[in-house]
Every structure is written in structure tokens, then in C-alpha cells.
Amino acid sequence: MAGVSTRLGFPTATDDGSLWWLESRPSEGGRGVVVRRDPGGRTEDALPPPHSARSRVHEYGGRPYLVDGATFYFVQDRDQQLWRKRPGEEPTRLTDATGYRFAEPILDRERGRLIAVAERHAPEDQPEPPEAENLLVAISLADGAVTPLARGRDFYAAPALSPDGGRLAFLAWDHPHMPWDAAELHLAELDGDGACRAVKRVAGDTRGSAFQPVWSPAGDLYFSLEVDGYWTLHVAAAEGPRLLLRTDAEFGAPLWQLGTELFAFSGPRELVAACFERGLSRVGRILLDPPRFEPLVEDLLHVGQLACHGPHAALLVGWAGSGTRLLHLDLRGGAIEIARDTVPDALGEADISSPEAVSFPTLDGETAHGFFFAPRHREFVAPPGERPPLLVMAHGGPTACTSPTLNLGVQYWTSRGFAVLDVNYRGSTGYGRAYRERLRGEWGILDVGDCVAGARHLADTGRVDGRRMVIRGGSAGGYTVLQALANHDVFAAGSCLYGVTDLEGLARDTHKFESRYDRFLVDGPGDRGELLRSRSPRSYPERIRRPVIFFQGMEDKAVPPEQADTMVDALQRAGVTVEYHLYAGEQHGFRRRETLRHVLEAELAFFQRVLGLAEGR
């Protein structure tokens, strides 16, 4: 798993039938490799070592490359500058813009430039460096000069140039909102010099966010807008946004990574789109005359990104930047072929645990959802009458969701005798805005309660051993783990990966993108600081009596290492069994093979020891 489980992201389909994508390879220290598959099916690395493509805008980054024929442009990980790779040549640096980071480049061919999202940072050696500035910029292809196009808003995303080059659409939003709360779609006229003029808001506000502008070949602007609680497709019109299709499916996703796309034009009057219904994906063709949805693929479980050019569509199974399989869909005949599969043949079909969608009552009488995986391995059987231990997984975000796609991180546990419950607690995406916003003000309460309720439900129905249940989570999910251990007695132990422990400290120290996120997640009367402290596990380490294992990257900017350091110290002083692993060179989310392997081995040994399980497979 650690050596060959490559993460896929950001596919591109080109007019010659080629597919391009990004691979993050643990076996190469997390290097981001731009890969091309030609129309004949031959695959090659387009970006040679040691170069690595990765954007760090918002820390989570996004699409870091752009293809133009046989040439492509990419964001170099080590300096965050834009580089150019021509056929038969070594990559060369295009920009020399100190303090800048770039993401989502698009081509403005007529003006000989790229347009991109940028983030400008002050030197870190300043005593109190100001908050980073986010903006849209133009980058000259002749000399790499960077020129601001739009600035003044806290965040920008998704630049989209009209076919005639005369208009630029983009998303913008401001603190304290996140993009899924209130992203606005703006439209600017470009003058003769390429500057933005007459900028106007087309759609999106705090009642419903906009997502992914895309232009039709005829020059009409299409996008997704939250209406009646779901992201639905619209087209810009003189009288305002016009609904294209009325549906309860979600044609949108949280914009954690810039460049996430779920629909594209495949012809003058049709689109291909991926949507979500109750956490599961459907892919279909949307015909515009009259508007209707025709299903194409309905058994992919979770499509995190889609790209299309003419009859060629690329479907990324999994999240936008952490997919596990890339599929090529021929829209002319409907044939599907696997372009890249990152899941190795380590598991035979008889050893793979299949997901079962489950819904269960929460502690306060509502309903939450998740996916249950029973333990499975053909060479091993449990003793008669013995129920399996349970591992509950709490996803990060918390505005994200888990998916039922084949995940070696789940199969690792099910092949070793654990049942797994992957929880889509209230606050998760894919079930509409009302379900997502149910967590507002209740972070650390409802998400925790749903993980507890799911575990109890499985124990009460006899599917798992209620005495041997543990919980793991990363980032926001790590916070859920600690809150569950502090406020409930259901779990025998927990695993916290780069998790939040101090909400007040996080609000002060985290990066710009999430620096006001807590204002929607934690709410209540009284002093704000006291409220954050009252929801922080670090404020009451004495309430955690069960063993905890921690994993943390030393270069994490989203959840700084100090969060884990002080929590570990507090628990050790309180007499709690604690194990702590700190990794040099790792950030928020681990990328290196040796780290991934060590985490899994340490976690398994820890849970085996705590639960009194025999060591071994």
C-alpha cells in the first residue's frame, strides 16, 4: 500500500484523444508527476525527475498544470513558480515572482499569456508578516512578467475565459466564509490590453454558493448554483441565472482543491457531468434541447473530477486530488477503459471487502450515514461466535465526505480482521446543503455523536464486538477522535493524525484559507475565546482516559505541530497511555512511502496491544 498506492488528480482530455493527469507518488517522496497517455494507450511520464508539480495555494493547492498541445506549464513544488516544459527539452522556469504561489493556470492564447490564481506571501522573516494576498494574475509567456487582473477580495478561484477571449468568469469570496458557504460568480469584460473592466456579480451569495463556471462553444456561461439546498446547473441570462435542470442531485463539491471540475461541454449543445445523490455518483450526458439528463455510468460510486474534450471524457474515481483510478469514456459508443489504476494486485477479489451503505439513528434522533466494511480474508476466519473489533473512521474537513470506492486504507484493516465504519457524519457533503450545514455551530458535538451512534448501532445489532471498538481520524477527523474519547466511553482507543487539539490556537496560527472557518463550526453565547476553549480537547486532558496514538508532520501549516506537541504533553501528565510520532519533511497529509508504512504498522500494533489481539496478520 505505502509503496505503490499513488494518488491521481486533475485529469485533462485534449483534442488529439490524449489524456493527461497528475500522480503523487509515495515511492518518489511524494513527487508530483505529470503523466500523458496517447491515443494508442501508451503512457509516459511527461515531467522528468527531480521536478515535481504541486501548488500550495491555500496550502491544499489544486490543479498545478496546463496542457497546450505538446507543451505544458506546471507549478514547481520547491519554489511555487510556473515552469514550462517543451517537447524534447528540460523544463525551464517561466516566472521569477518572489513570494508568489500559483494554481489553476489557463491559456489566453490571443494575448500570449496565462491567467492563474495567485497567492502572494510576505517574507517569513518579518516580525509579524501580513496575511497573504489572493488575486487573479496574468503571466506573460514572453518574459514571465506577472500582472494583477483582479484583487481586493479575500479569495479567488476558477478563472474561465470565453471562447472569443473577451470575457473572464471567476469565483470570489471573503472571510469569514468558505467557498461552499458563499462563493460568488463574477464576470469581467477584458479590454484591449487584457485588463478586467465592468466586473459584475452574476450569481452566488450567502444563501447559495456558485461552483465551476464553464463556457459553451457558443459563448454562453454555465455554472452550478445552490438552489433549494443542492448545487444545480444554471446558465447566465440577462434576467439572471436560469435553472437548467431541477434535481435533488448535487452538481458540485466543496472547493478544498482549486481546479475541481465535475462537468464539461462535449459538443455544442451537450455536457457530460458527474453528480452526487446520497453520497454516490452518477455520470450522464446533459442535452440542452430540451434540457434532460441521460445516464451514462451509474456504478462508479464516487467520481471526484471529470474532464472532457469532444468524444473523450476522463473520469477520476475518488477525490479530485486523491483518486485511485482514471477511466477513459468514449462518448460515441459508451465504452469505458481503465487509463490508470493505482490499486495494486496485492488483494485478490476474494479478499476485498465491499462497502455497504448504512444509515443509523443519531444520539438526538436524527439520521446519519456511512459505509460499513466487514472483515474479509480468504486465509483467515474468526473463531466461532466471535464478533470482529470495529475501527470507526472520521473523515477530515469537516466539510468533506467519505466515498465507497476501493480504498487500500480501508482494506488494510478489513484484511486484518477489523470491521470498518467510514462515517459521513452530519456536516458531510453529498446529501444537500441542509445536511452539510447541520454541523454549523456544533462541531465537536454532532460529528462526534454520529461516530458514537454508528458504533453503538453496529454493536447493538450484533455485527461487531462492542467491547473492542476504536476510532481514527486525520485533521478535523483527528479532532473528532479526541472529542469522542473525552466525552464518551464507547471507544477503547483512538488514533489522531495531524488533528486539531486547540481551537483557539488554530484560529490564531493556521493558514489564511481556514483562519475564520471556526466561526461557522463553533458557536454559542458568551466570550468567543472561552467558547473555543470549552470545545478544545487540550482544555480537559483529564477527561481522556483511553490510550491515544498521535502522528504529525513537522512542516504542517494547516494544523501546526504545536497542536499535537502540547496535547501529548498534557495527556502524559494526566497519566494517559500515549504514543507520538513526528515526521520531518511531512506536511498536512503524509506523502512519503516510509511515513505511510510506518503509520500503518505503528497504528496496527498499537490497536492490537490495546485490544489484546494477537499480533500478526
Side-chain angles (χ1 to χ4, degrees), residues 57-60 62 103-104 117 119 131-136 150-160 168-188 196 199-214 221-236 240-243 250-263 276 320 397-401 426-443 476 507 510-523 528:
V57 174
H58 298 174
E59 298 301 331
Y60 297 109
E104 282 197 278
V117 175
E119 187 173 80
E131 191 171 61
E133 179 190 15
N134 292 73
L135 59 163
L136 291 180
R151 66 197 319 172
R153 304 298 297 272
D154 286 329
F155 299 100
Y156 293 89
L168 179 68
F170 57 88
L171 300 178
W173 67 96
D174 294 314
H175 284 317
H177 300 288
M178 301 298 282
W180 49 86
D181 295 318
E184 302 170 1
L185 173 61
H186 291 262
L187 184 60
C196 290
V199 180
K200 65 177 182 179
R201 185 178 65 85
V202 174
D205 53 29
T206 56
R207 296 168 296 176
S209 63
F211 174 82
Q212 195 200 327
V214 60
L221 181 59
Y222 288 75
F223 54 94
S224 191
L225 180 67
E226 278 189 314
V227 174
D228 297 329
Y230 295 90
W231 276 301
T232 50
L233 290 177
H234 288 67
V235 59
R242 187 174 73 244
L243 179 66
E250 294 259 42
F251 289 86
L255 204 57
W256 282 106
Q257 291 197 311
L258 297 169
T260 300
E261 298 180 352
L262 292 173
F263 43 88
F276 300 94
T399 308
C401 71
R426 285 169 290 177
S428 302
T429 300
Y431 302 85
R433 184 169 179 131
Y435 191 81
R436 189 179 78 233
E437 291 190 344
R438 186 65 183 85
L439 195 61
R440 282 198 169 192
E442 302 289 337
W443 188 33
T510 193
H511 58 127
K512 178 183 176 182
F513 181 61
E514 293 182 275
S515 60
R516 278 71 157 182
Y517 193 15
D518 65 281
R519 300 186 188 185
F520 289 95
L521 295 173
V522 180
D523 195 14
R528 178 94 189 141

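Residues take their numbers from the sequence shown, with the count starting at 1. If you're wondering where the values come from, they're calculated on a predicted model, not measured in any experiment.
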How far does [atom1] of [X] sit from [atom2] of [Y], to the nearest 0.5 angstrom?
{"X": "Ser224", "Y": "His234", "atom1": "OG", "atom2": "NE2", "result": "8.0 Å"}
{"X": "Arg201", "Y": "Leu187", "atom1": "CZ", "atom2": "CG", "result": "12.5 Å"}
{"X": "Tyr431", "Y": "Phe276", "atom1": "OH", "atom2": "CZ", "result": "11.0 Å"}
{"X": "His186", "Y": "Cys196", "atom1": "NE2", "atom2": "SG", "result": "11.5 Å"}
{"X": "Leu185", "Y": "Leu225", "atom1": "CG", "atom2": "CG", "result": "8.5 Å"}

Is any side-chain heavy atom of [Y] closer than 4.5 Å to one of [X]?
{"X": "Phe513", "Y": "Trp256", "result": "yes"}
{"X": "Trp180", "Y": "Thr429", "result": "no"}
{"X": "Asn134", "Y": "Val57", "result": "yes"}
{"X": "Thr399", "Y": "Met178", "result": "no"}
{"X": "Leu171", "Y": "Phe223", "result": "no"}
{"X": "Thr260", "Y": "Phe211", "result": "yes"}
{"X": "Ser209", "Y": "His177", "result": "no"}
{"X": "Glu119", "Y": "His511", "result": "no"}

Using the test side-chain contact (heavy atoms from CB on, under 4.5 Å), find all partners of [X] that sit at least two apart in sequence or belong to another chain.
{"X": "Arg519", "value": "Pro176, Arg516, Arg528"}
{"X": "Asp228", "value": "Arg246"}
{"X": "Glu261", "value": "Gln212, Gln305"}

Steps toward side-chain contact (heavy atoms from CB on, under 4.5 Å) verdict (Leu221, Val235) = CA-CA 6 Å; Leu221 181 59; Val235 59; 6.0 Å; no

Sequence neighbours excluded, which residues qualify as side-chain hydrogen bond (donor to acceptor under 3.5 Å, both in side chains) partners of Glu133?
-> Arg151

Who pairs with Arg433 by side-chain hydrogen bond (donor to acceptor under 3.5 Å, both in side chains), at least two apart in sequence or on another chain?
-> Glu226, Glu437

Taking all non-hydrogen atoms of both residues into account, name the closest pair between [X] and [Y] and its distance.
{"X": "Trp443", "Y": "Pro398", "result": "NE1-CG, 3.8 Å"}
{"X": "Trp173", "Y": "Ala182", "result": "CB-O, 4.0 Å"}
{"X": "Phe170", "Y": "Ala188", "result": "CE2-CB, 4.3 Å"}
{"X": "Ala157", "Y": "Leu255", "result": "CB-CD2, 3.8 Å"}
{"X": "Leu135", "Y": "Ala150", "result": "CB-O, 3.2 Å"}

Any chance the side chains of Tyr517 and Thr510 put a donor and an acceptor closer than 3.5 Å?
-> no

Distance-only donor-acceptor check, side chains Glu514 and Tyr60, under 3.5 Å | yes

Lys512 side chain to Asp154 main-chain N or O, any donor-acceptor pair under 3.5 Å?
-> yes

Do any pairs count as a salt bridge (Lys or Arg N to Asp or Glu O under 4.0 Å) and have a residue in residues 176-187, sequence neighbours left out, and if so which ones?
-> Arg153-Glu184, Asp181-Arg440

